[in-house]
Every structure is written in C-alpha cells, then in structure tokens.
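A, B, ... follow the sequence lines: proteins, then strands. Residue 1 opens every chain. The figures here come from the full heavy-atom set of this structure, side chains too, leaving out hydrogens, waters and symmetry mates.
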2 protein chains.
Amino acid sequence: MAGTTLRDVAKRAGVSIRTVSNVVNGSVPVSDELRTRVQAALEELDYRPNLVARNLRRGRTGMIALVVPELDVPYFAELAREVITAARAHGYVVMLDQTDGDGERERELLGRESRATMFDGLLLSPLTISAEELRSRTNRVPVVLLGEHIFNGDFHHVAIDNIAAAREATEHLLSLGRRRIAAIGDQPYSTGETAQLRTIGYRQALERAGVPVDEGLIVPTSRFHRHFGAEAMERLLALPQPPDAIFCYNDLLAIGAMHALTRAGVRIPDDIAVIGVDGIQEGRYSSPALTTVAPDKARIARTAVGTLIAVIDGTAPPPAESKAPYRLVVRESTAGHAAPARPR
Amino acid sequence: MAGTTLRDVAKRAGVSIRTVSNVVNGSVPVSDELRTRVQAALEELDYRPNLVARNLRRGRTGMIALVVPELDVPYFAELAREVITAARAHGYVVMLDQTDGDGERERELLGRESRATMFDGLLLSPLTISAEELRSRTNRVPVVLLGEHIFNGDFHHVAIDNIAAAREATEHLLSLGRRRIAAIGDQPYSTGETAQLRTIGYRQALERAGVPVDEGLIVPTSRFHRHFGAEAMERLLALPQPPDAIFCYNDLLAIGAMHALTRAGVRIPDDIAVIGVDGIQEGRYSSPALTTVAPDKARIARTAVGTLIAVIDGTAPPPAESKAPYRLVVRESTAGHAAPARPR
DNA sequence: CCCGGGTATTGCATCGTTGCAAAAGGCACC
DNA sequence: GGTGCCTTTTGCAACGATGCAATACCCGGG
C-alpha cells in the first residue's frame, strides 16, 4: 500500500537517502557510477516522490485554487479552461471549487477549517462576499479577484470595464436605429455590483444618444441563467409597447430571451435585436447566432495567474485593478442572417 | 509570512503542543479550563492548521482528481459540477485537470513526475490512453474510469450502456416514421471506442426495424464539437438524397448540425429530425429545443465518487462495470413545436 | 609523504502535525 | 495512608522529503 520512499531506494542502491534525493532532483552533482546505480533502483522500485512531504518541506504546494460560482455556467467553464492552461505554463496546477453563489460557501472557504492552507494562492470570483469580510478573513493567503465586485484597492483584481462594455453593447443596438432598448439582468441589491455597473453603462449610452430611459424596460433577474432570460423576455413581450432590442447582461440570459422570442414567433433581429455579454461558444451556434461583447478570457486568465504568482513570489506591485480587453462580436442576432458561420 | 503553528499556540496558552492539537481535533477529552485557555490563544493568533503537514502525517489528503478531456465541453462541465458536489458530501475536494484529448497529457498524468501522489484517488475520463498503459502506470493509485473505453475488468468503471442508448435514440427516430436516418460522430479508429459502440447501437436499431444501413449516411467526425456537427451536416445536405433524420453522437454535434440546417433553410423536425446524446442544458434552450438521450449525471457522479472512496478505504468489491441510467428527453427537434419550455 | 583545494557523499535537523504510550494528577476504596 | 483505577496531559517519534554543513574522498603540488 505505502509507496516506495527514498529510504527504500537508498537501501536498495546501497547509498544514503540524501544521494538518492540528489539524483532525483538533479541539483547536486552525483558521480556517474552512483547515479547509474540509483537510477536502476529507482526504476526497479518504481519510485514516485511523495509530493505531500516535498510540499511540507519546501513550504509550497504548486497548487492554486480557482473558485467560481458555478462550473456549468459556460463562461466560468471557459475561463477555468484558460486558467488551467495559464497555470500549467507556470508549473502550477489548479484546484477548482464552486460556491453555487452561496455566500455561506464562500465564507466557509476562508474560514478556520478551510483548505486554503493547501494552496499557494487563490483566484476568487466572488459573488456575495463583501470586501470587508474578505479582508478580515484572508490571512496572508495571496488572493487575486476575478470580475467586478467593488473593491477598494486592497486586492489585486482583474476584470473588464463593465460600464464601458455595457455602454458599447447598447450603442451597438442604437447604431441599428433601435430606440426602445430593454435591459435584462439588473440586480439592484447589495451583491449585484457587476449587474449594477452594466446598468450604468446602459443608461450612459441612452443618455448620450438622447434617448429617454424607460424604467419599465429594465428587467431585473435573480441570476444569470437561461431560464431567467426567457422569463424576463416573456414579461417584456407582454408590455403594451414591447422593445425593439434587448441588451442582456450575459449570453445565457440572451439565449433564454431568444428562446422565448422564437417560441412567440418574433423574428430576430428583424423585430427585436438581441445582444449579450461573455462571448461563450454556445452563442456561435445558437439560432440565430448571438451578437455579444466578448471579454478576452485567455488574457484575463493569463493576467490573473501571472499576478497571483507574482504575489506568491513576493514580486508583485501593490494591489491594483487590471482592466482586461474585450471586443464586440457581431453576429446574426443583430445583423440579419448574413454572417457566415465560423469554424471553431 | 509563516502561519501560526501549534507550537506558537501552545507557548501562548502555556500548554503542550499535543494538548492544543487535542483541542483542535476534539478527539481526546480536554479539561474545561485548558480548553478555554487554548481556544482563546487559537483565536488571538488566528491559528489555521497546516493541511499539508496534517496530510503527511495522516497519509491522506482528502483530495481526489477528476481528469476530463475538456472542461469547456458542457457535458464535462456539468459532470464536474456533480462530481464536486458528490465529493463534498464525503468530505473530499476535487482537483480538476483537462488533457485536451491529448494522449501525451494523459500519459504524463500517470508518469514519474505526476502529481498523482497528492491525491487519494483518481477519476479518469480517458480519451486516448489504452487499458494496457493505464494498468502498467497506475501504481496502486485508486482509479475509477468514467465513460466507455473498452476495458477488461481491471478497473472500476461507470458509464451508460452506449449501445442501448444509441439504439433507443435511433428507434425514437424510426418511431416518427423516418427511414433515411443519418449518424454523425463515428470514430472508426483505435481511440474512438465510445463512438464505435454508438454506431453498433445505431446499426442494431436499423436492422431490427428492417431498414437497410446506408454506409454513406454514417459520417465520422474527428471530435465531438459543434463545428464538426455543422460540417458533417453540410456534407449530408449535399447528398443527392439527403436524410430525413439525424442521430448525433452527442449534443454538441447535434447543435452544430441544427445550426447548419437552419442556415440552409431546412425545417426541424418537419424536414429533418435531430437527436443528440448527453442531455446538456444548452439543448433545452436551443432553437428548436433538442431531443436527447440524457445520462443521469448526478447518479454517475455519485456512483463514481462512492466507488472511488470505497477503493480508497479498501472496502470496495473487485473492479466491475457499473451501468448508469439514462433517459430519452423528447423536445422540439423531433416532436414539432408543441413541447412547452421547461424552467430550469 | 603531507597538505590544500575541490568535488562527492553523508548525517542531522527540520517542515507541522498526529499516533502511541508513558507520566501526572485526582479520587475512592480498602 | 497506601493502592489502584480512571482521566487528563505530555514527550517522543514518525510521516517523507530537503537545506545545511560537516565529512570523506581524490588529485596535484610542495
């Protein structure tokens, strides 16, 4: 049951434990004769270093944790993939955990009995936890935050400019000549910072264009899932004067909204144009294909991982906010059925 | 930098290290007086147990690894979510890794320098690695395999009955009166075991119904992504006599195929009916909503995690194949536009 | 033949925790 | 008052690896 240890190999090769260690690590020179003998013993006994022991001794585990609300939300899955790739490039592996958007779960993560001590650092996509709590709880575990959640400079933080992104999305709809533009996804309560920023951007665009804001066209949703997008859309369709375009705060809401529109026989984009945010792969193959504001996930992941590792190594500058790039990807849901499908 | 240790707390409370440990673990009785004093010291110094040290001492890490080809493939993301939930119920956390379907990466996972020793067990969804390699490389690391990949009883293994599932999918299309049924997703080469099983089921259904198999309607795809589904569909549409139904080997292929159909102006299901496999959430909100054979992912996850932990604890029966349940979920892509959208 | 200087090898301590078993303390009973 | 038993507390060793510094070895030069 127990694995082979350095001691076993040493005994077998007739050398000291330390010499075997030297052969394994290659840091200290070892004579050809002994190296050969030791390597043979390593092979024969199929030695694998016990990483737990190594980690204890070295004081580092080579693991970082990525904590997201839900893994089966495509944005997070796609981001996770990029984070894993970025971390691997630095020799780190990634432990994934999901909080289900449950504040309790987020707090537990940082609590007394948390596993946080097993990781060299934490990438956190916080949903409900406050800056205050975070500050008081993360005792010198390096942390980098992902996504907007208003923070005051205590933490490194990687996100897109949500206000600008929302403004550009709305401006795109305005540029099509639409004037009754609805917004789906506001969260006007304490933990909906990201949503609130997007609402600000939406208002800015309308105001700049001189279009009055109709508060009835701003539909809040409790979460950013397809189902709530469909529900909100149905409510909007029931209005005496329905909108002619929809800005959804993420792609899942948009896909739900389009589902409701299609079922209701409304033509997209002819009757109502739809735009989302996130740039998930799903939107490329939806019918119609979804126009979206796509954050550069690979860039976000690289920046976040790079920053986290700098914090771990103690070479990081003081905490700062890093704005990640994004781009508008125009597809059928705002541009008619002309755009060709693109291969992956 | 270094965290507070038991030694620090002990010094502060004026007791032995061991007593502090007893208070922290609660396993051994401690007098009220000392407990109070120790707890105060724990609070003041904000002690967090060093899990790496604890793991080394206990010989267990409480971590299992889940290795999948790609995290941003919805099926795996959804499965991962269930695995994390199931593992948590047993007090385990899950480390996620992806191999990108790269055999090298899979092999590296089990090699000399792998991190496998950090985990109590491995859940592996192998894509290209062979049973032979696996057997020779996994030295007493408990392993449970997910998904079909032909194995000969050396490993615990959780999967649906792919032949039966494919047969039922095809039979569903037959029951609609369709006779020219195409199959998208065959992989007639060494590492495409899952696909090959589905092809067998497809053939069985046709044969039982007395429908001759048209080899030209079986379209292989290198991978199970939306893009390849669309590509395959285009090829089928170019046939002199196109099919009237499509069995796609997974939902992503089906969504790609539907995308191509919609662009080509083909009506679904009126002209061509489409069915997939996997039961991913995306299919509920696609236009049209996708009929699918949905494996019970929660059940798969619970069974796999439960089995793995049994292996870890040494209480597992000998390796066996465990067949997970699945069900046919009929939606618009085979049943017209009658089915109501269901909330999540 | 002895010594200096470089390289190769080794022993010891340590990372922070827990298992084990012995020591210390308290109490009741003879 | 001494003995034995039970409870609480403690010391020591160990998990398996690596950092440090001391030792052993080898060679050339005086």
Side-chain angles (χ1 to χ4, degrees), chain A residues 1-39 41-42 45-62 112-120 139-140, chain B residues 1-39 41-42 45-62 112-120 139-140:
Chain A
M1 194 83 260
T4 318
T5 72
L6 285 182
R7 200 227 292 287
D8 303 330
V9 179
K11 194 176 303 175
R12 172 114 181 182
V15 299
S16 76
I17 292 178
R18 198 55 246 241
T19 298
V20 181
S21 171
N22 288 339
V23 170
V24 170
N25 289 292
S27 45
V28 177
V30 175
S31 70
D32 287 348
E33 191 212 330
L34 281 198
R35 172 179 301 110
T36 315
R37 226 161 73 207
V38 169
Q39 268 164 349
L42 285 170
L45 299 177
D46 192 27
Y47 170 78
R48 318 274 174 116
N50 179 322
L51 297 183
V52 177
R54 177 180 286 176
N55 292 340
L56 173 60
R57 187 61 245 240
R58 290 191 179 164
R60 295 184 350 126
T61 63
R112 175 69 31 96
E113 278 305 315
S114 106
R115 311 224 177 212
T117 53
M118 258 192 311
F119 306 108
D120 295 341
N139 262 0
R140 41 182 155 266
Chain B
M1 192 82 263
T4 317
T5 71
L6 285 182
R7 200 225 294 288
D8 303 329
V9 179
K11 196 177 300 176
R12 172 112 181 182
V15 298
S16 76
I17 293 178
R18 196 55 242 240
T19 298
V20 181
S21 172
N22 288 338
V23 170
V24 170
N25 290 291
S27 44
V28 177
V30 175
S31 70
D32 287 347
E33 191 211 330
L34 282 197
R35 173 180 298 110
T36 315
R37 227 161 72 209
V38 169
Q39 268 162 350
L42 286 169
L45 299 176
D46 191 28
Y47 170 78
R48 318 273 174 118
N50 179 321
L51 297 183
V52 177
R54 177 179 286 177
N55 292 340
L56 174 59
R57 186 61 246 239
R58 291 188 177 165
R60 295 184 351 126
T61 63
R112 175 70 29 95
E113 276 306 313
S114 108
R115 310 225 176 212
T117 53
M118 259 192 309
F119 306 108
D120 295 342
N139 262 1
R140 42 184 154 262

Find the bend of the helix from C:dC1-D:dG30 to C:dC30-D:dG1 as the angle between its two terminal axes (five pairs each), to the nearest 10°.
80°
If every non-hydrogen atom of [X] is compared with every non-hydrogen atom of [Y], which pair is closest and at what distance?
X	Y	value
B:V24	B:Y47	CG2-CE2, 4.0 Å
A:V23	A:R35	CG2-CA, 4.3 Å
A:L56	B:A53	CD1-CB, 3.8 Å
B:R37	B:G14	NH2-O, 3.6 Å
A:V9	A:T4	CG2-CG2, 4.0 Å

Can you tell me how far the [atom1] atom of [X] sits from the [atom2] atom of [Y], to the nearest 0.5 Å?
X	Y	atom1	atom2	result
B:N22	B:S16	CG	OG	7.5 Å
B:L6	B:R18	CG	CZ	9.0 Å
B:M118	A:L51	CE	CG	5.0 Å
B:T117	A:N55	OG1	CG	8.5 Å

Output the single nucleotide from [options] whose closest atom is nearest the side chain of [X].
X	options	value
B:L56	D:dC15, D:dT9, C:dG11	D:dC15
A:T19	C:dT9, D:dT18, C:dG16	C:dT9
B:N50	D:dG16, C:dT9, C:dT17	C:dT17
B:R54	D:dT10, C:dT18, D:dA17	C:dT18

Once you round it to whole Å, what is the distance between [atom2] of [N] and [atom1] of [X]?
X	N	atom1	atom2	value
A:R7	C:dG11	CZ	C1'	14 Å
A:R48	D:dC15	CZ	P	21 Å
A:N55	C:dT17	CG	P	15 Å
B:L51	C:dC15	CG	C1'	14 Å
A:L6	D:dG19	CG	P	12 Å

Which ones in residues 28-38 of chain A lie close to DNA chain C, meaning a heavy atom under 4.0 Å from one of its atoms?
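Residues of residues 28-38 of chain A that come under 4.0 Å of DNA chain C are, in numerical order, A:V28, A:P29, A:V30, A:S31, A:L34.
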Letter by letter from the 5' end, nucleotides 19-26 of chain C scores (B base, S sugar-phosphate only, - none; protein heavy atoms under 4.0 Å) BB------
Where each residue is assigned the nucleotide of DNA chain D containing its nearest heavy atom, which of A:N22 and B:I17 is assigned the position nearer the 5′ end?
B:I17
Any heavy-atom pair between the side chains of B:V38 and B:V30 that's under 4.5 Å?
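In short, these two side chains do not touch, never coming nearer than 4.5 Å.
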Using a 4.0 Å heavy-atom cut-off, does A:T5 contact any base of the nucleic acid, only the sugar-phosphate backbone, or nothing at all?
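Counting heavy atoms under 4.0 Å across all strands, the contact made by A:T5 is with sugar-phosphate only.
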C:dT17 OP1/OP2 closer than 4.0 Å to side-chain N/O of B:S21
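No, because none of the side-chain N or O atoms of B:S21 sits under 4.0 Å from OP1 or OP2 of C:dT17.
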Under 4.0 Å from OP1 or OP2 of D:dT18: is there any side-chain N or O of A:N25 that close?
yes
Answer yes when B:K11 and B:D8 have at least one side-chain N-carboxylate O distance shorter than 4.0 Å, and no when they do not.
no
